[in-house]
Participant: 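Please read through the structure below; I'll follow up with questions.
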Amino acid sequence: MRIDIISVIPEILHGPFSHAIIKKAINKGILEIYIHNLRKYGLGHRKKIDDYPYGGEGGMVLRIEPVYQCFHQLFSERDYDETIFMTPDGKLFSQKYAEYLTEKKNIIILCGRYKGIDQRIRDHLITQEISIGPYVLSGGELASAVVVESISRLLPGVLNNPDSMETDSFQRKNLAANPIYTRPFIYKGWSVPKILLSGHHKKIKEWLYKKSIKKK
Ligand code: SAH
């Protein structure tokens with residue numbers, strides 16, 4: 001899978017993709033991430049990318065031309081399945097949507113900044129608008145990293161033990177993740193539930209299942 005991320009401050013995205021599971025997915029060639037600096041497509045010698053909003057509102061707006069040029073360049077190189085804009089008023093991101101995206105070959109994620117982006121970009125270049133939650137960040141970079149991280153661990157061949165994913169939150173209908181424990185058996189008088197050491201697999205399974213039933 002290939003993900004192209006368009007950003008005004010690409011430096012923010014250097015950290016999240018350089019470690020742990022995402023790094024592994026990239027090194028294995030399962031995931032390709034390309035980060036594009038929107039400034040490269042800026043206007044004039046000052047590479048301008050923003051401007052004042054029509055109508056006299058406060059804040060700056062990302063102009064359409066640099067975004068269009070960047071999209072145009074990418075569209076000329078390959079076909080894209082989705083062009084996603086990160087925005088607080090978009091569709092709430094979910095495990096289900098992450099799963100949907102893993103079926104895609106090429107996607108673009110556009111990170112907004114400032115007051116937002118020219119509406120014509122959303123109307124004509126974007127196929128999906130995604131929010132990571134009902135709050136306002138200063139830019140779409142961290143939101144895009146959340147989306148990419150949740151996709152990366154779902155891609156076949158990335159996790160060493162994909163079975164462990166089956167009991168994760170949101171993977172099973174109406175069930176949460178069960179509680180988990182490791183050594184030591186007792187710490188400060190706090191003990192691991194004895195059933196887990198009973199060796200009785202059927203009973204352990206039943207116990208874990210009961211513990212996974214969602215508390216309302
Ligand atoms: N004026 C906009 C917020 C702009 S915040 C509004 O009220 O909706 C600047 C950028 O940060 C946005 O364009 C978006 O790309 C990103 N952003 C902020 N909060 C986000 C969220 N919850 N989910 C996804 N992206 C977000």
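For reference, positions follow the sequence shown, starting with 1. Each ligand, and each atom within it, is numbered from 1 in the order the structure gives.
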Participant: Under a 4.0 Å heavy-atom cut-off, what residues line ligand 1?
Facilitator: Phe85, Met86, Thr87, Pro88, Gly112, Arg113, Tyr114, Lys115, Ile130, Ser131, Ile132, Gly133, Tyr135, Val136, Leu137, Ser138, Gly139, Gly140, Ala143
Participant: If we only count heavy atoms from C-beta on, is the Val158 to Met165 side-chain gap below 4.5 Å?
Facilitator: no
Participant: State yes or no: are the ring centers of Tyr100 and Tyr97 separated by less than 6.0 Å?
Facilitator: yes
Participant: Could you see if Ile186 belongs to whatever hydrophobic cluster contains Val192? Use Ile, Leu, Val, Met, Phe, Trp, Tyr and a side-chain cutoff under 4.5 Å.
Facilitator: yes
Participant: Would you say Lys91's side chain and Phe93's backbone share a donor-acceptor pair under 3.5 angstrom?
Facilitator: no
Participant: Could you tell me whether a side-chain N or O of Ser131 sits under 3.5 Å from a main-chain N or O of Pro88, the two making a donor and an acceptor?
Facilitator: yes
Participant: Would you mind reporting whether Lys202 and Glu206 have side-chain heavy atoms less than 4.5 Å apart?
Facilitator: yes
